[in-house]
Amino acid sequence: MTTNLIDQFNRTINYIRISVTDRCDFRCIYCMSEKMKFLPRNDVLTLEEINRLANIFTTLGVTKIRITGGEPLVRKNIDSLFHNLSKNKNIVDLTLTTNGSQLIHKAQMLKEAGVKRINISLDSLNPLTFKKMTRIGNLDQVVNGIDHALNIGFDKIKLNTVLMRDINDSEIFDLTNFAIKRGLDLSFIEEMPLG
């Protein structure tokens, strides 16, 4: 018999987010400082510990797991975590949140591991604005990753765009058209004050 997790409002908890790293290959201006100080590796759960936690949560009624970061796909040996999570038949919805930079290399592995949905950050279609917002990101790399994920059969891809006044807010229609053309969902997100 499964014991379900219940929150203080008597709602059953069936969804968790697991951040596998605080590291990222971008330095988005709304997310982290240029000289970010990351957690020491010894303070971060191992992939085996993360898999064990996920398995424990699924015995408590969790059926949906979202893998996030930082940028989860830069975590060393991340393929092994997705491979192990794919063996858990209690997980009916395995989702990834990513900046898209590694999708060209990782999308096939994610598909084979049973990832159903991918949320991808895409804040600009202008290479200069994209570089300004991510500090070091490459727009072509992300767009190619999105197209690759579509080509191998992902049909549930959502774009997340953080709108910033006088930086990328003029691109609302361009981003919307980009999403419509590819059959993607799109969410515009308000900048959150950090720091």
Side-chain angles (χ1 to χ4, degrees), residues 11-21 24-26 28 30-31 47 50-51 53-55 57-58 61-75 78-125 130 133-134 137-163 168 171-190 192:
R11 295 175 297 195
T12 300
I13 298 169
N14 68 349
Y15 165 75
I16 61 170
R17 297 170 66 99
I18 301 175
S19 175
V20 297
T21 184
C24 187
D25 51 349
F26 291 176
C28 296
Y30 55 79
C31 186
L47 295 176
I50 292 170
N51 185 59
L53 274 174
N55 288 333
F57 274 108
T58 62
V62 168
T63 59
K64 301 175 184 179
I65 295 179
R66 176 180 300 278
I67 302 298
T68 70
E71 171 47 50
L73 297 180
V74 300
R75 173 83 188 253
I78 193 65
D79 298 32
S80 67
L81 176 65
F82 282 103
H83 176 71
N84 287 326
L85 291 174
S86 73
K87 297 176 187 175
N88 187 328
K89 300 309 175 200
N90 293 321
I91 301 173
V92 298
D93 189 359
L94 182 58
T95 307
L96 170 72
T97 296
T98 177
N99 64 24
S101 68
Q102 304 301 312
L103 280 178
I104 201 81
H105 308 292
K106 298 291 187 180
Q108 187 64 46
M109 175 276 296
L110 295 167
K111 183 80 172 162
E112 290 169 5
V115 171
K116 299 280 192 269
R117 296 183 294 141
I118 305 176
N119 286 10
I120 303 169
S121 298
L122 181 65
D123 297 318
S124 176
L125 294 171
F130 188 86
M133 292 186 76
T134 63
N138 180 312
L139 176 62
D140 287 339
Q141 186 179 6
V142 173
V143 171
N144 290 339
I146 292 168
D147 288 339
H148 180 61
L150 286 168
N151 287 336
I152 64 170
F154 280 97
D155 57 357
K156 293 185 179 177
I157 297 176
K158 185 175 95 165
L159 303 179
N160 292 325
T161 299
V162 175
L163 285 179
N168 68 337
E171 292 189 61
I172 290 174
F173 293 115
D174 291 339
L175 287 158
T176 301
N177 288 331
F178 177 91
I180 290 170
K181 181 179 175 185
R182 287 166 170 78
L184 309 175
D185 292 330
L186 173 64
S187 291
F188 291 110
I189 301 169
E190 185 179 4
M192 299 292 288

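Heavy atoms only: backbone and side chains are in, while hydrogens, waters and symmetry mates are out.
- Listed for the Asn168 side chain is a donor-acceptor partner under 3.5 Å among the backbone atoms of Asp123.
- By the side chain to side chain donor-acceptor pair (under 3.5 Å) test, Glu112 is found to be paired with Gln108, residues two or more places apart in sequence or in another chain being considered.
- Residues Ala54 and Leu85 approach most closely at CB-CD2, 3.6 Å, considering heavy atoms.
- Defined by atom type and a distance below 3.5 Å, a donor-acceptor pair is missing between the side-chain atoms of Thr21 and Glu71.
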Side chain to side chain contact (heavy atoms under 4.5 Å, CB included) between Asn119 and Arg66, intermediate numbers included: CA-CA 10 Å; Asn119 286 10; Arg66 176 180 300 278; 3.2 Å; yes
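- Taking every heavy atom of both residues into account, Leu96 and Pro72 meet most closely at CD1-CG, 3.4 Å.
- Judged by distance alone, the side chain of Lys111 and the main-chain N or O of Gly153 form a donor-acceptor pair under 3.5 Å.
- A side chain to side chain donor-acceptor pair (under 3.5 Å) with Asp93 holds for exactly one of Lys64, Arg117, Lys156, Lys116; it is Arg117.
- Counting only N and O atoms by type, the side chains of Asn14 and Thr12 include no donor and acceptor under 3.5 Å apart.
- Closest non-hydrogen pair, Lys158 versus Ser187, comes out as NZ-OG, 3.4 Å.
- The environment of CZ in Phe130 is crowded: more than 12 heavy-atom neighbours from other residues, nucleotides or ligands sit within 6.0 Å.
- Here the shortest heavy-atom pairing between Val20 and Arg75 reads O-NH1, 2.5 Å.
- Under the side-chain contact (heavy atoms from CB on, under 4.5 Å) test applied with Leu186, the options Thr161, Ile157, Leu122 reduce to a single match, Thr161.
- Taking the side chain to side chain donor-acceptor pair (under 3.5 Å) definition, one finds that Asn90 meets it with nothing, sequence neighbours left out.
- For Arg182 and Phe178, the positive end sits near the middle of the six-membered ring, less than 6.0 Å away and at most 45° from its axis.
- Taking all atoms of both residues into account, the shortest heavy-atom contact from Thr68 to Arg17 is CG2-NH2, 3.5 Å.
- When atom types are taken as modelled, the side chain of Asn51 and the backbone of Leu47 share no donor-acceptor pair closer than 3.5 angstrom.
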Pair Ile146-Leu159, side chain to side chain contact (heavy atoms under 4.5 Å, CB included): steps then yes or no: CA-CA 9 Å; Ile146 292 168; Leu159 303 179; 3.9 Å; yes
Stepwise side chain to side chain contact (heavy atoms under 4.5 Å, CB included) check, Phe188 with Thr176: CA-CA 10 Å; Phe188 291 110; Thr176 301; 3.7 Å; yes
